[in-house]
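Here the structure comes first, spelled out in structure tokens, and everything after it is commentary.
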2 protein chains.
Amino acid sequence: MPRSHSHHSHSHAEDAEPFTLDGLAELLRSKGLRMTGNRRAILQALLKAKKPLGLEEIQTEAVRQSKGGEPPDFATVFRMMALLEELKIARKVNLGRASSYFELVDSRHHRDHLVCTDCGTVTPLEGNCPVESLERQIARKHGYTQVTHSLEFFGLCGDCSTDAAS
Amino acid sequence: MPRSHSHHSHSHAEDAEPFTLDGLAELLRSKGLRMTGNRRAILQALLKAKKPLGLEEIQTEAVRQSKGGEPPDFATVFRMMALLEELKIARKVNLGRASSYFELVDSRHHRDHLVCTDCGTVTPLEGNCPVESLERQIARKHGYTQVTHSLEFFGLCGDCSTDAAS
DNA sequence: ACGGTTATGGCAAATGATTTGCAATTGTGA
DNA sequence: TCACAATTGCAAATCATTTGCCATAACCGT
């Protein structure tokens, strides 16, 4: 695991560092955006997350990450996530719930999930995504560009299956 | 209009008739539910749809299908769709928009879609779904039951690609 | 066909989630 | 440090979904 040696990176957005706090900070600055305490905290929360987070969870985790202080306002988190989506740094994940959940987009991160529709448990799926390779084919066949995908499996986890049976 | 011919009133949801209006009517009745003009119109709209429909679209199409009369109330469409979801006759499709879209669930229907994130065009994908066969594997590996999936591709269609380039 | 029972539908109001306006604050480059 | 513009918190607006209530209409048995 390479340690982050943050001091002098000069990368462009395209060949940016992998998703480290410093890499992201640099990316934002290169767009004329500012790196604030709120944003740092939010990014740290997202970097640490093992599953997609809702806005409230981001708030909560952000304050934990930055160890203390006021949690960022709901609107602030909202605007930050809109921004990250715009920049393709984060994306919304469909968990079949009313509110939105987000995760960072990184080729090294898994993008597909297994969701228990009863208790809500979310499990990121390991291994190579079976669909990623289709993006290119679909793009060609339908004349699309910038094709991405969203794949989620829904079902009942072991516990909820037995509960349901009784 | 042929009278409905109930030869297998013992049928479970699983071995029900293919999705025809009569088949669905029968299914509803077997659950103690009633087949009304509204419901008939909504079901016809869904049966005819070539892509997932939003609640307003269902309203609009329903009145067209039943050729005239008042469109069903929004709440009525909403409750009907909740009911159809409950019965696994319909499902919500994630089109990356704020509001919900629905389509009937039928093994002969395609379930995966290609969505242009700019103009909103929705294209159902033909051919065998590459993921369906994984449901069983995932169920086994993670101890889940009743596993289904939701797969959508997002991108820019040809027209929107060229627009974006300019 | 009739009438009683009960699911359904329309209306409007409640809820929930997301989005925006604006003034005060704070990061950044010069 | 200063000036400028981006950012933030707060509250209010918007948008989508969901529910309560009572009048209506579907269905069953007669």
Side-chain angles (χ1 to χ4, degrees), chain A residues 21-22 24-43 45 52-60 62-63 66 69-87 90-102 120, chain B residues 3-4 6 9 21-22 24-43 45 52-60 62-63 66 69-87 90-102 120:
Chain A
L21 190 54
D22 291 338
L24 290 170
E26 177 113 1
L27 177 55
L28 291 186
R29 246 183 259 113
S30 78
K31 301 274 182 185
L33 302 170
R34 295 172 182 176
M35 178 54 52
T36 66
N38 274 338
R39 290 186 170 173
R40 208 183 324 278
I42 291 172
L43 288 172
L53 300 180
L55 292 185
E56 322 232 313
E57 292 173 302
I58 295 176
Q59 246 182 344
T60 309
V63 69
S66 63
E70 294 303 302
D73 191 82
F74 200 83
T76 300
V77 180
F78 170 79
R79 282 188 274 230
M80 177 62 164
M81 295 318 298
L83 186 61
L84 293 178
E85 263 194 292
E86 196 65 31
L87 298 176
R91 71 174 190 114
K92 261 189 198 138
V93 178
N94 164 29
L95 297 186
R97 301 191 211 163
S99 53
S100 295
Y101 290 76
F102 298 88
Chain B
R3 187 153 4 153
S4 91
S6 46
S9 50
L21 191 55
D22 290 340
L24 291 171
E26 177 115 358
L27 178 54
L28 291 187
R29 249 185 255 112
S30 78
K31 302 274 181 184
L33 302 170
R34 294 172 184 176
M35 177 54 52
T36 67
N38 274 337
R39 291 188 169 171
R40 207 183 324 277
I42 290 172
L43 288 173
L53 300 180
L55 292 184
E56 323 233 313
E57 292 172 302
I58 295 176
Q59 247 183 343
T60 309
V63 70
S66 64
E70 294 304 300
D73 192 83
F74 198 84
T76 300
V77 179
F78 170 80
R79 282 187 274 232
M80 177 63 164
M81 295 317 299
L83 185 60
L84 293 179
E85 262 194 293
E86 195 65 32
L87 297 177
R91 71 176 190 113
K92 260 189 199 136
V93 178
N94 164 29
L95 297 186
R97 302 191 210 161
S99 53
S100 296
Y101 290 76
F102 299 87

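Naming: A, B, ... by sequence-line order, numbering from 1 per chain.
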- Which angle, to the nearest 10 degrees, lies between the helix axes at the two ends of the helix from C:dA1-D:dT30 to C:dA30-D:dT1, each defined by five pairs? 50°

Tell me whether the OP1 or OP2 atom of [N] has a side-chain N or O from [X] closer than 4.0 Å.
X: A:Ser100; N: C:dT18; result: yes
X: A:Ser99; N: C:dG16; result: no
X: B:Arg34; N: C:dT6; result: no
X: A:Asn38; N: D:dG9; result: yes

Rounded to the Å, how far apart are [X] [atom1] and [N] [atom2]?
X: A:Phe78; N: D:dG9; atom1: CZ; atom2: C1'; result: 15 Å
X: B:Met81; N: C:dG9; atom1: CE; atom2: C1'; result: 17 Å
X: A:Leu55; N: C:dG16; atom1: CG; atom2: C1'; result: 13 Å
X: A:Arg39; N: C:dT25; atom1: CZ; atom2: C1'; result: 14 Å
X: A:Glu85; N: C:dT19; atom1: CD; atom2: P; result: 9 Å
X: A:Asn94; N: C:dA17; atom1: CG; atom2: P; result: 16 Å
X: A:Glu26; N: C:dT28; atom1: CD; atom2: P; result: 12 Å
X: B:Asp73; N: C:dG10; atom1: CG; atom2: C1'; result: 5 Å

- Task: Give the intermediate values and the outcome of side chain to side chain contact (heavy atoms under 4.5 Å, CB included) for residues A:Leu87 and A:Leu27.
- Result: CA-CA 10 Å; A:Leu87 298 176; A:Leu27 177 55; 5.5 Å; no

- Query: So, the side chain of A:Arg39 versus the backbone of A:Leu28: is there a donor-acceptor pair under 3.5 Å, distance only?
  - Reply: no

- Item | Intermediate values then yes/no, side chain to side chain contact (heavy atoms under 4.5 Å, CB included), A:Asn38 and A:Met80 | CA-CA 9 Å; A:Asn38 274 338; A:Met80 177 62 164; over 6 Å; no

- Query: Where each residue is assigned the nucleotide of DNA chain D containing its nearest heavy atom, which of B:Met35 and A:Thr76 is assigned the position nearer the 5′ end?
  - Reply: A:Thr76

- Find which nucleotide of DNA chain D each of A:Ala75 and B:Leu33 is nearest to by heavy atoms, and output the residue with the more 5' nucleotide. A:Ala75

- Ranking A:Arg79 and A:Phe74 by the position along DNA chain C of their nearest nucleotide, the one closer to 5' is A:Phe74

On a heavy-atom basis, which atom in [X] and which in [Y] lie closest, and how many Å separate them?
X: B:Ile58; Y: B:Ala45; value: O-CB, 4.3 Å
X: A:Tyr101; Y: A:Glu57; value: CE2-OE1, 3.4 Å
X: A:Gln59; Y: A:Phe74; value: NE2-N, 3.3 Å

